[in-house]
Student: 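Structure incoming, see below.
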Amino acid sequence: MIHLSGVNKYFGNNHVLKDINLHVKPAEKVVVIGPSGSGKSTMIRCINQLEKPDSGEVTVDGINLMKSKAQLKKIRQEAAMVFQQFNLYPHKTVLENLTIAPILVQGKNRDEAEQSGLDFLTRVGLKDKASAYPSQLSGGQQQRVAIARALNMHPKIMLFDEPTSALDPEMIKEVLDVMVGLAHSGITMVCVTHEMGFAREVADHVIFMADGQILETGTPSAFFDNPQNERAQQFLSKIL
Ligand code: ADP
Ligand code: MG
């Protein structure tokens, strides 16, 4: 579903992705962890073309992103992203937040977009907030709306970039619970997070990044219980 082969990315002289190879099969869940500044966000952003690599190949669902600029719109719909900051439209209701892109970008009719939007709001436990505005919701609720909004594009891939990092501790679980449910639905997921419980529960592979490189890949138990790479050992000793 996702292939990054020999991907390099520079910001000026800063070589932030160094020969990255990442292969994710349909329905696989991959958790990416590593120190701040290691290139995790940049890598995940290359998957939906929020960043363009300087060299290498990126293929998503059979579409070669390095060759076909015209595919941008299609890729953004296939690979929906949830960020640390929820970025909801403040002057739109919750349900409007969910229906704007399906109507304007995907050409869905309003009834269809609202019906599926309400289904996804139900799934994240927020159907009763359909008419509320984002400012009336807690951070955890806003992030659940952001997840429902991404799902209402009916993506094949969900990308998460530290979705719980901006939340108060008591709200983290409600968001992770939604993500665990989603993981069990069979969607392909790449998730940057330091939530080890989540990684252990859902990840097929954990990927450890540092200094723009993937230094270790393993199952959650192999990685957390017996990391091989020295940088990974140091990192885990600080966060576990
Ligand atoms: P992580 O998500 O692991 O914290 P990032 O991918 O955000 O790491 O950043 C990797 C490196 O790239 C850092 O040195 C960061 O400062 C730099 N970087 C990220 N985005 C940009 C940008 N838009 N312009 C310039 N430098 C950037
Ligand atoms: Mg980041």
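The structure presented is a predicted model; accordingly, all values stated were derived computationally and were not measured. Each ligand, and each atom within it, is numbered from 1 in the order the structure gives. Values reported hereafter were calculated over all heavy atoms of this structure, with side chains retained and with hydrogens, waters and symmetry mates removed.
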Student: Has Tyr89 got more than 12 heavy atoms of other residues, nucleotides or ligands less than 6.0 Å from its OH?
Tutor: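 No, OH of Tyr89 has 12 or fewer neighbouring heavy atoms, counting only those of other groups under 6.0 Å.
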Student: Between ligand 1 and the protein, tabulate every N or O atom pair separated by less than 3.5 Å, reporting distance only.
Tutor:
{"unit_1": "ligand 1", "atom_1": "2 (O)", "unit_2": "Ser41", "atom_2": "N", "d": "2.9"}
{"unit_1": "ligand 1", "atom_1": "2 (O)", "unit_2": "Ser41", "atom_2": "OG", "d": "2.8"}
{"unit_1": "ligand 1", "atom_1": "3 (O)", "unit_2": "Ser38", "atom_2": "N", "d": "3.1"}
{"unit_1": "ligand 1", "atom_1": "3 (O)", "unit_2": "Ser38", "atom_2": "OG", "d": "3.3"}
{"unit_1": "ligand 1", "atom_1": "3 (O)", "unit_2": "Gly39", "atom_2": "N", "d": "3.0"}
{"unit_1": "ligand 1", "atom_1": "3 (O)", "unit_2": "Lys40", "atom_2": "N", "d": "2.9"}
{"unit_1": "ligand 1", "atom_1": "3 (O)", "unit_2": "Lys40", "atom_2": "NZ", "d": "2.8"}
{"unit_1": "ligand 1", "atom_1": "4 (O)", "unit_2": "Gly37", "atom_2": "N", "d": "2.7"}
{"unit_1": "ligand 1", "atom_1": "6 (O)", "unit_2": "Thr42", "atom_2": "N", "d": "2.9"}
{"unit_1": "ligand 1", "atom_1": "6 (O)", "unit_2": "Thr42", "atom_2": "OG1", "d": "2.6"}
{"unit_1": "ligand 1", "atom_1": "8 (O)", "unit_2": "Gly39", "atom_2": "N", "d": "3.1"}
{"unit_1": "ligand 1", "atom_1": "14 (O)", "unit_2": "Asn14", "atom_2": "ND2", "d": "3.2"}

Student: State whether a side-chain donor-acceptor pair under 3.5 Å links Glu28 with His205.
Tutor: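 Their side chains do contain a donor-acceptor pair, which is all the 3.5 Å distance test asks for.
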Student: Counting only protein atoms, how many N/O/S atoms are less than 2.8 Å away from the Mg ion (ligand 2)?
Tutor: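 Number of qualifying protein atoms: 1.
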Student: Counting neighbours of NZ on Lys173 that are heavy atoms of other residues, nucleotides or ligands and sit closer than 6.0 Å, is the number greater than 12?
Tutor: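 Incorrect, the count does not exceed 12.
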Student: Anything under 30° is parallel, anything over 60° is perpendicular, the rest tilted; go ahead and classify Phe208 against Phe235.
Tutor: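 Rings of Phe208 and Phe235: tilted, 30 to 60°.
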Student: Report the C-alpha distance between Lys40 and Asp161 in whole Å, list the side-chain angles of each, state the deciding distance to 0.1 Å, and finish with yes or no for salt bridge (charged side-chain N to carboxylate O under 4.0 Å, His left out).
Tutor: CA-CA 8 Å; Lys40 305 180 300 294; Asp161 192 358; over 6 Å; no
Student: Please step through salt bridge (charged side-chain N to carboxylate O under 4.0 Å, His left out) for the pair Asp177 and Arg144, ending with a clear verdict.
Tutor: CA-CA 10 Å; Asp177 284 347; Arg144 283 147 64 200; over 6 Å; no
Student: Linking I/L/V/M/F/W/Y whenever any side-chain heavy atoms sit under 4.5 Å apart, do Leu118 and Val94 land together?
Tutor: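 Leu118 clusters together with Val94.
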Student: Does a sphere of radius 6.0 Å around CD in Glu170 hold more than 12 heavy atoms from other residues, nucleotides or ligands, not counting ones at 6.0 Å or beyond?
Tutor: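 Enclosed.
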Student: Does Lys9 pair with Asp19 as a salt bridge, N-O distance under 4.0 Å?
Tutor: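 Looking at Lys9 and Asp19, the cut-off is not met.
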